[in-house]
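Order of the sequence lines fixes the chain letters, A, B, ..., with proteins taken first and strands second; residue numbering starts at 1 for each chain.
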Amino acid sequence: MSLAILQTIGTRRLPSFFYKLIGGWLGLLFFLPAIAQGQGRYTISGTVRDRKTGEVLIGASVSLREIARSGVQSNVYGFYAISAPVGSYHLLVSFTGYPTDTISIDLRRNILQPVELDAAAGTLTGVVVSAQKRSETIARPLMGVQKLTTDEIRNIPVIFGEKDVLKTIQLLPGIQFAGDGNSSFYVRGGGADQNLILLDEATVYNPSHLLGFFSTFNSDAIKDVTVYKGAMPAEYGGRLSSAVDIRMNDGNSKDFHFGGGIGLISSRLNAEGPIVKDQGSFSVSGRRTYADLFLKLSGDSSTRQNSLYFYDLNIKGNYRPGAQDRIYLSGYFGRDNLAFGQTFGIDYGNATGTARWNHIFNSRLFSNASFIYSDYRYKIRINSNNNDINITSDIRDLNLKDDLQYYIDASNKIDFGLSVIHHTISPGVISASRQSSYNSMALQKKYSLENAVYVSHEWSLAESLHFNYGLRATSFSVVGPGVFYTYDSAGNTVDSAKYRAGRVVKTYVNAEPRISVSWQVGATSSIKAGYNRNTQVLHLLSNSTSANPTDLWIPSSNNVKPEVANQVSLGYFRNFNEDRYELSAEGYYKTMSHQIDYKNGAQLIANENVESQLVEGAGRAYGLELFLKKKEGRFTGWVSYTLSRTELKIDGVNRGQWYPARQDRTHDIGVVGIYQASRRWTLSGTWVYYTGNAVTFPSGKYQVAGQTAFLYTERNGYRMPAYHRMDVAATLQGKGGGARDQGGEGAGLARGDEKRGQKRRYESSWTFSVYNLYGRENAYSIVFQNDPDDPTKTQALRYALFRWIPSVTWNFKF
Amino acid sequence: MKKGFLIVGVLVGGMACKKVVSVGLRDAPSQVVIEGVVTNGGTPQVKISRSVAFSAANSYPPVSGAVVTVTDSNNGLVAVLKESSAGMYGTRTYSGVPGHAYQLSVTVDGVVYTASSVMPRQVALDSITFAMNTDLNNHKDINAVVNFQDPPGVANYYQFTEEIGGRVLPDVFVFEDRLSDGRYIEQPLFNDSTYLQRGEELTLTMNCVDRNVYDYFFTLSGVTGNNGFQTATPANPASNISNGALGYFSAHTTQRVKVEIY
C-alpha cells in the first residue's frame, strides 16, 4: 500500500505548488533546530504526569511565576517547553483536580524537568500561589472548545448504566442529541457525518454499537475528550462541523491494576501496568454485551435464534527508550452482530491501529510522527427462500502524519505538520448463490489521497491579547484504477473514462485559514472572536431517521465536490468566585456549500452510479450558546442552552427554497448536576430538552392503485414533538476507596486512610441509575396509516422507544 | 434487501410503544389524481379523482366531465374515452400492443395533463408457489412467490397485484432486474396488509411496466397508508403526468393467474 502512495506521488500529477509546500516543510524541519540555538535564552521542558499512575496530563498549565504571559499548556503527550533568559525561577504547574506544584529552577542551560502532580498532596503544603490564577478558558483564544474530565464522564448517568463519552458531550451547548437509539450527534447544525471522531488519532467511521444505543468508546480506556466545534486549530481538518479528539489512557507505569464492571446489559474488564517501571506501560480494556441472553430466554423459538451483541477491545502500549523519545502502539477492535434467526444477519465494526513516535529535538521542538490504520466494514448475510447472499463493504485508511510544536518563547509557539491519507472504499461486493434471484457483482473500489500541510502560530501579543492563527492547505486527489462516469441532470450516464492505477482523475486544492483572537477584559473575563474555514472530502449517504451501519461513505470525485464551510464566532467569557463558576455566551454563523441530498426515489443500494442520484446545494446555520458551569465544591455541574437555526437550500428539493434541516433544533437545553453527598455516595442527574426534529408530514391524501396515499407539499415543514428526559444515578463507593479526584476534602480523606497504615488496594462501587426517570414517551417516529379499526379514516401513530430503564452496575478495581 | 434493515430495526425496537396521536396537519388545496392504464389484455381505462384533507373521510371525489384521449404513437390511432361511471373513463376501441408508445391527454377544468408510456415486451410468469416466512411482527405467514425467467440484456420492471375474494389487496409489489438481470427469479411478495389463508383462491396479476411507472410505484410504497415504516424524507412519487397531476399513466402487459393458496 505504501508503494501505491509513493507511486501516486511520483506521477508528477499533483500540483507543483503542493510539492513546494512539502519541500518547504521538510526544510523548516531540518533547519529549525539550528535557528533555535543561541539567543541567550534557555528552555525548561519536560512531561507532566500524574505521580500515582504515571499518566501524562494533557493541557496542564505551566508558567514561570517571575515572567508575565509565560504560560503554556502541555500538549496531548504531556509535553511542555518554556524559554527564558538565564536566571532563577519558580515553575508553576497546575491541572484541574490537582493542587499546583511549584518547582524551583536555576536556569543556566537547557533543562529537562519532568513534573509529577500528586492528587493526594493536599492542602498541607501551605503554599499559596500568589501569581494571578488566570483560568485557561479566559486567556486562551480558542473558543468553541469543550473538554470533559474523566470524572464527569464517570459520574453522569446514561442509558443502561453505561458510561459513554459521546453521549455525555451531547449535554454541552452546541452539541445535540440525534435522539434515542441514535448515536450520531450534530454540532452547530451540521450533519451527522460532519464530525471527525478520532481515537488516538485514528478516524472512527462508525462510532456506534447496537444501532446507536452505545458508542464504541469504552470509558475505562479513555483519558481525555476534547471537542472543537468553533475555532478548530489548523492541525485538525477533514470534517465541517467538529473534531472530537479522544485519547486513550497510556496505562499505569508504576503498578499493575485490573478492574472491570458487571452491568445489566454489558460487562467490562481492564488491566494496566508497567512494561518497565516508569519507562513503559500498557493498558487493555474490553467489554461485551449480553443483551441477546434475554432473547434466549424467550418462549418463542424463532426469537431464541435471534442474536444481538457487540464486543470491543482497546489495547495500548508505550515505551520510552530514552529521555528524548517515546513510542506508542495502540489499537481498537470492535464488532457488532445482529441476526434474525438464520434468515438475516449483519455484523459490522471498526478496527484501528496507531504507531507513534514522540521525539524531542533540542528541548524546544517536539515532534510526533504517526502511522495510522483505520478500517470500518460490514457484512450482511441473507438466507431466505432461494436466496443465499453475502454483501460486504468497507472503508480503509492508511495515514502517515507528523505534527510538530516549536516553543519559540513564552509568547510564541508554532505548530506545523503534514498528513497524507490514502482512502480505499469498497462500496459493495455481492456474492449470490446460483439459486438466488440476484447476480453476484462487485462495485468498483474507489481510491483517493487526502493530503494536508498546516502551520499555525500561537502568539501572545500583550498580556491581555492572544492570537491563534494559521492555515491548513489541503489537496484531495481521486486516483485510479477505475472507470469514472459523468451524468446529465436526469441522472443518465453520458460519458465514461478509464484510468490506470495511480493516475490522478481530479484534484481539489483548498485553503483553510483559521484565526482566533482573545482579548482579556479585566482579570476574569474576555471577549473572543474567530473565523474558521473547513472542507470535507468524504460524505456519508444516509437516508434514514437514524444512522445505519450500512450507510455509504463516498469520496469527492469528478461529480461530487468537497463541502466547504465558513464560520465566524464571537463570544464573551467570564469566571466568577475565583474560577469556581464559568460563564460563556458564544454566537456563531456558519455557511456551508456543496451539501448533498438525494433525488426523490433515489436508488442508493448497490448502485455503481450512485453519484447520479445526488443533488447539491447550500446550507446555513447560526445560533447562540449559553453555558454556566460550577467547577468546584460538593455540588458541580452545568446548564447549557442553545438557540439556533439550520437550513438548507438544495436544487430539486422543496422547489429550491430554503427549508429547515432535519436537525434544526430551535431550543436545546442540557442540565447536569453532580453532588458529592457523602464520602461514599455520589448523586448525579441530567435533564435534557430539545425542540423536535423538522420532519415532512402529509397535508392531504388521495387514492391511487386502490390504496390511500399521502400528499406532501413542503419538505420538513412540521416538527416532531419536543423531547425531554431526566436521568438520575447514584454511585456508592465501596469502603476500599474514597471520594476520588475531587481534590479538597476527598483527597484528604484518602490520605487519611493511608495515614492509618491501611493502603487498600481493592476498590469497588455500585452504580444505580434510571434512564428517563419520569417515563416520558418521547416520539421516535410518527407514521401515518389507515385506521385499522375504521377503513374510512386515517390516523397518525407515534412510536416511542422506551420509558423507564433502570440499571445496576457493579465496578471493581485492584 | 431494504426489508432486512427494517427487520433489524424492529429487533431492537420490539420494545417500542405505539400510540395514536393527533397531529395538526395543514390542508393543501385539492389536487387532481389521474390513473391511466393501457394493457395488452384489455382496453384503456382512466380514473380521475381528487385529493382530500388528511382529517377527512377516505372518500375521494371523482372528477366528471373530463376530456380524455389515448393515442397510439406507432399507428396514430386515437381513442376518445367516455365516462362509464363517475370518474371512470374507458373505451372499447382497441387493446394495447407491446412495443408501442402511448400518449394520454386529460383536460380537467381547462388544464391539460399529458403523459406517455411505452409498453414493454411481455415476460411470462411461469408459476406461483407459496412459502412460509416470519414477518416483521414475528408472525409466521404465507407469502405468494412468483417464479419467472428475467430476459437478459434488457432492463425489465415488474409490478404485481393480488386479489382475494374480488378485493384487491392494498399492497405495492414492484421488482426490477437491476441486480438480477438474466436470473431465474423466485420473488416472495411480502404482504403488509393481509394474511393469506390456506384454501383461499388468490388471483395474481403480473404486469411488465416501463421504468417511469416502476419508479412511481417504488416511491409510492414509502408514502402509502399500510405499512408502519415510511422513509425519513417522504415526498410525492414522481408522476409521469405533466402539470403537477398526482398519479401515473402506464402502458403495460398483463397476465392474470388464479391459484389456490397452500
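- Between chain A and the options Asn236(B), Leu246(B), Val20(B), the largest number of non-hydrogen pairs under 4.5 Å is found for Asn236(B).
- Of the N and O atoms on the side chains of Lys701(A) and Ser51(B), not one donor lies less than 3.5 Å from an acceptor on the other residue.
- Proximity to chain A is limited to the side chain of Tyr214(B), based on heavy atoms less than 4.5 angstrom apart.
- Top candidate by heavy-atom pairs under 4.5 Å with chain A, chosen from Ala56(B), Ser55(B), Gly247(B), is Ala56(B).
- Using bins of under 30°, 30° to 60° and over 60° for the plane-to-plane angle, the ring pair Phe802(A)/Tyr771(A) lands in the perpendicular bin.
- The parts of Ala57(B) that come within reach of chain A are both its backbone and its side chain, each placing non-hydrogen atoms under 4.5 angstrom from that chain.
- Atoms OG1 and CD, from Thr205(B) and Glu163(B) in turn, are 5.0 Å apart once rounded to the nearest 0.5 Å.
- The residue among Asp787(A), Thr713(A), Leu711(A) with the most heavy atom pairs within less than 4.5 Å of chain B is Leu711(A).
- For the set Gln31(B), Met132(B), Gln187(B), Arg50(B), the entry with the most heavy-atom pairs within less than 4.5 Å of chain A is Gln31(B).
- Both the sub-6.0 Å distance and the 45° axial angle are not jointly satisfied by Arg211(B) relative to the ring of Tyr157(B).
- Both the backbone and the side chain of Asn607(A) come within contact range of chain B, judged by heavy atoms closer than 4.5 Å.
- Per-residue counts of heavy-atom pairs under 4.5 Å with chain B were compared for Val704(A), Asp790(A), Leu797(A); the largest is that of Val704(A).
- Using a 4.5 Å cut-off between heavy atoms, Leu220(B) touches chain A through its side chain atoms alone.
- The aromatic ring centres of Phe54(B) and Phe784(A) sit less than 6.0 Å apart.
- Both the backbone and the side chain of Val21(B) come within contact range of chain A, judged by heavy atoms closer than 4.5 Å.
- Contacts of Glu176(B) with chain A are made by side-chain atoms alone, with heavy-atom separations under 4.5 Å and no backbone atom involved.
- The part of Tyr184(B) that comes within reach of chain A is its backbone (N, CA, C, O), which places non-hydrogen atoms under 4.5 angstrom from that chain.
- Only the backbone of Arg434(A) comes within less than 4.5 Å of a heavy atom in chain B; its side chain stays farther off.
- Using a 4.5 Å cut-off between heavy atoms, Glu777(A) contacts chain B through its side chain alone, with no backbone atom that close.
- For Glu608(A), no part sits under 4.5 Å from any heavy atom of chain B, backbone or side chain.
- A side-chain donor-acceptor contact under 3.5 Å links Ser437(A) to the backbone of Glu186(B).
- Between the CZ atom of Phe340(A) and the CG atom of Asn383(A) there is a distance of 13.5 Å, given to the nearest 0.5 Å.
- With a threshold of 4.5 angstrom between heavy atoms, Pro791(A) approaches chain B through N, CA, C or O but not through any side-chain atom.
- With rounding to the nearest 0.5 Å, the separation of CG in Asp177(B) from CG in Asn156(B) is 4.5 Å.
- Note: Val52(B) leads Ile34(B), Val52(B), Val23(B) in heavy-atom pairs under 4.5 Å with chain A.
- Taking the six-membered ring where tryptophan is involved, the planes of Tyr216(B) and Tyr248(B) are tilted, since the angle between them lies from 30° to 60°.
- A cation-pi contact, defined as under 6.0 Å to the ring centre and within 45° of the axis, links Arg26(B) to Tyr718(A).
- Thr343(A) is listed as a side-chain neighbour of Ser384(A), based on a closest heavy-atom distance under 4.5 Å.
- In this structure, chain B has heavy atoms under 4.5 Å from both the backbone and the side chain of Arg798(A).
- Within a 6.0 Å sphere centred on NZ of Lys379(A), heavy atoms belonging to other residues, nucleotides or ligands number 12 at most.
- Between chain B and the residues Gly700(A), Ala705(A), Ala432(A), Ser699(A), the most heavy-atom pairs under 4.5 angstrom are made by Ser699(A).
- Residue with the most contacts toward chain B among Ser436(A), Gly706(A), Ser440(A), Gly345(A): Ser436(A) (heavy-atom pairs, distance under 4.5 Å).
- Rounding to the nearest 0.5 angstrom, the gap separating the CG atom in Leu338(A) from the CZ atom in Phe344(A) is 8.5 Å.
- Taking Asp150(B), Asp215(B), Asp181(B) one by one and counting their heavy-atom pairs under 4.5 Å with chain A, the maximum is reached by Asp181(B).
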